[in-house]
There are 2 protein chains.
Amino acid sequence: MVTLSEENYLKAIYHLSNHGSISVSTNAIAEKMETKASSVTDMIKKLADKNFVNYIKYHGASLTELGRLTAVLVIRKHRLWEMFLVSKLNFSWDEVHNVAEQLEHIKSEKLINELDAFLEFPTHDPHGDPIPDKNGNINTLDKVPLSTLQENQGSKLLSVKDSSDEFLRFLNKRNISIGDTINVLNIEPYDKSVQIRVNSKEMTITENVAENLYVKNVK
Amino acid sequence: MVTLSEENYLKAIYHLSNHGSISVSTNAIAEKMETKASSVTDMIKKLADKNFVNYIKYHGASLTELGRLTAVLVIRKHRLWEMFLVSKLNFSWDEVHNVAEQLEHIKSEKLINELDAFLEFPTHDPHGDPIPDKNGNINTLDKVPLSTLQENQGSKLLSVKDSSDEFLRFLNKRNISIGDTINVLNIEPYDKSVQIRVNSKEMTITENVAENLYVKNVK
DNA sequence: ACATATTTTTACTTAAAGGTAAATATTTTT
DNA sequence: AAAAATATTTACCTTTAAGTAAAAATATGT
């Protein structure tokens, strides 16, 4: 028994904590949720009471196994609904988020498992993120677009989405190759361009380029 | 801008008021919503402030045109989602209600209109109830199963769903014909059997029979 | 038509979820 | 290591939705 608001907090903590592996600060959650730190403190206490998080006063919260599972199952719903919207209802990738944020809270196991089957068990959502299975397993080592990483995240280039000659030539000129380690230094809020370091050289790439680079996360 | 709770009240009032045509008492709403009369009074005031209902103290509430439209658009969503669940996700008619009650509150015009198109513009939901169009028009004179009527509702028999020899013979034996006026006197909660008066004769029919009789509402 | 029964409203509580401002811890700087 | 800056918590307020109990209005029965 978990409320809509609790689900949103768990999701935020999951995303901020590198899939539930590390502890997250009150302020970081407040910023992500666009609310105030005092509200976050209250909610963390509630989540701790329900055994969704471990909480040490003044030292942030980390997900319990129950919390991680709950968060991942919400993310599963979010990504399956995104898939449905794009593949069946003519939504474009940038229109889905708002609606999927609502749909992810619908409570019905049958619904989500039937939807999964109806979509023929997709493994990735329209943004390239992996879809957790019904037991909460998710391939976090999977490739994701570089554009989905957060600041200070390290990664390794696995493949490209756009495999046109032009794009490969562009990468060549910048000395970027499959297998390279790419660190995200900074994301410009205005145009979502990404400052990266690759092969100890710093450079800035556009959002479009970042979307076409599939990487795997490195701690 | 209408809350989930307000939408549920508007829907209840719509169903209780013969499609918005008559005024509904506080107690009737409380019973339908499974809440207390005092809560209903509070909510009616809020709905009146927002111009969804006309409210005269101690004399119930009736839907304004805005209230009727809002209620009908929620019902449109409910019925389209029911259709989706049954025709695409292998739900049976008795499993859909709970989930559709949640889905009907998702806010996105594009979503519901694309869903409508995806389902190829169905005119009736799996229970035979008409689906309102995007402008809130609904064919209330349309045929509905006798089983969807409420107590003390009058109706006229339009057609049958089950057109087997056995069923038609059964109707014959009871002296029931197309065009007859059928009044619902009482619905037995235990087995949903319906006590009716037809041709000034009273009789009881099973839920199954009531589901197979299409009638139109008569005031 | 009046006494009684029923319905409806009012005033006061409660539980979520969020916000403000002040108090307290922790971290950083010098 | 003390002062300053930052982060977190606490105490208290607000709103929404629902509940309780008493008061007020309406409806009913004789």
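Only this structure's heavy atoms are used, side chains among them; waters, hydrogens and symmetry mates stay out. Below, chain A is the first sequence line, B the second, and so on; all start at residue 1.
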Are A:Glu82 and A:Lys77 close enough for a salt bridge, meaning some N to O gap below 4.0 Å?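 Looking at A:Glu82 and A:Lys77, the cut-off is not met.
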Salt bridge present between B:Lys192 and B:Glu211 (N-O < 4.0 angstrom):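 A salt bridge is absent here (no side-chain N lies under 4.0 Å from a carboxylate O).
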Expressed in angstrom and rounded to an integer, what is the separation of [X] atom [atom1] from [N] atom [atom2]?
| X | N | atom1 | atom2 | value |
| --- | --- | --- | --- | --- |
| A:Asp49 | C:dA16 | CG | P | 11 Å |
| A:Glu34 | C:dG18 | CD | C1' | 14 Å |
| A:Met43 | C:dG19 | CE | C1' | 14 Å |

Boundaries of the chain B footprint along DNA chain D (any atom under 4.0 Å from a heavy atom):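 Endpoints of the contacted stretch of DNA chain D: D:dT16 to D:dT26.
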Can you check whether A:Tyr14 and A:Tyr9 have ring centres sitting under 6.0 Å from each other?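 No, ring centres 6.0 Å or more apart.
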Considering only residues two or more places apart or on different chains, which pairs with a residue in residues 60-76 of chain B satisfy side chain to side chain donor-acceptor pair (under 3.5 Å)?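 Those involving residues 60-76 of chain B are B:Glu65-B:Arg68, B:Arg76-B:Asn113, B:Arg76-B:Asp116.
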Treating primed atoms plus P, OP1 and OP2 as sugar-phosphate and everything else as base, which nucleotides of nucleotides 5-11 of chain C get B, S or - for protein heavy atoms under 4.0 Å? --SBBB-
Is there a donor-acceptor contact under 3.5 Å from the side chain of A:Ser155 to the main chain of A:Ile182?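 Present.
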Does anything in residues 2-16 of chain B come within less than 4.0 Å of DNA chain C? Heavy atoms only, and list the residues if so.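 Correct list: empty, so none.
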Enumerate donor-acceptor pairs with a distance under 3.5 Å from any side-chain N or O in residues 45-55 of chain A to protein atoms, sequence neighbours excluded.
{"unit_1": "A:Lys50", "atom_1": "NZ", "unit_2": "A:Glu6", "atom_2": "OE1", "d": "3.2"}
{"unit_1": "A:Lys50", "atom_1": "NZ", "unit_2": "A:Glu6", "atom_2": "OE2", "d": "3.0"}

Dump the intermediate steps for side chain to side chain donor-acceptor pair (under 3.5 Å) on B:Glu188 and B:Gln195, then the final yes or no. CA-CA 8 Å; B:Glu188 171 57 45; B:Gln195 196 192 352; over 6 Å; no
Are [X] and [Y] packed together at the side-chain level, in the sense that at least one heavy-atom pair is separated by less than 4.5 angstrom?
| X | Y | answer |
| --- | --- | --- |
| A:Glu95 | A:Leu85 | no |
| B:Gln102 | B:Trp81 | no |
| B:Asp42 | B:Ser39 | no |
| A:Val40 | A:Met43 | no |

Given the ring of A:Phe84, does B:Lys88 sit roughly above its face, with NZ or CZ under 6.0 Å from the centre of the six-membered ring and within 45° of the axis?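 Relative to the ring axis of A:Phe84, which defines the angle, B:Lys88 lies outside at least one limit.
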For B:Gly154 versus B:Asn183, what's the shortest heavy-atom pair and its separation?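 Reported closest heavy-atom pair: CA-ND2, 3.6 Å.
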How does DNA chain C read in dot-bracket, base by base from 5' to 3', with Watson-Crick or G-U pairs under 3.5 Å and | used when the partner is on another strand? ||||||||||||||||||||||||||||||
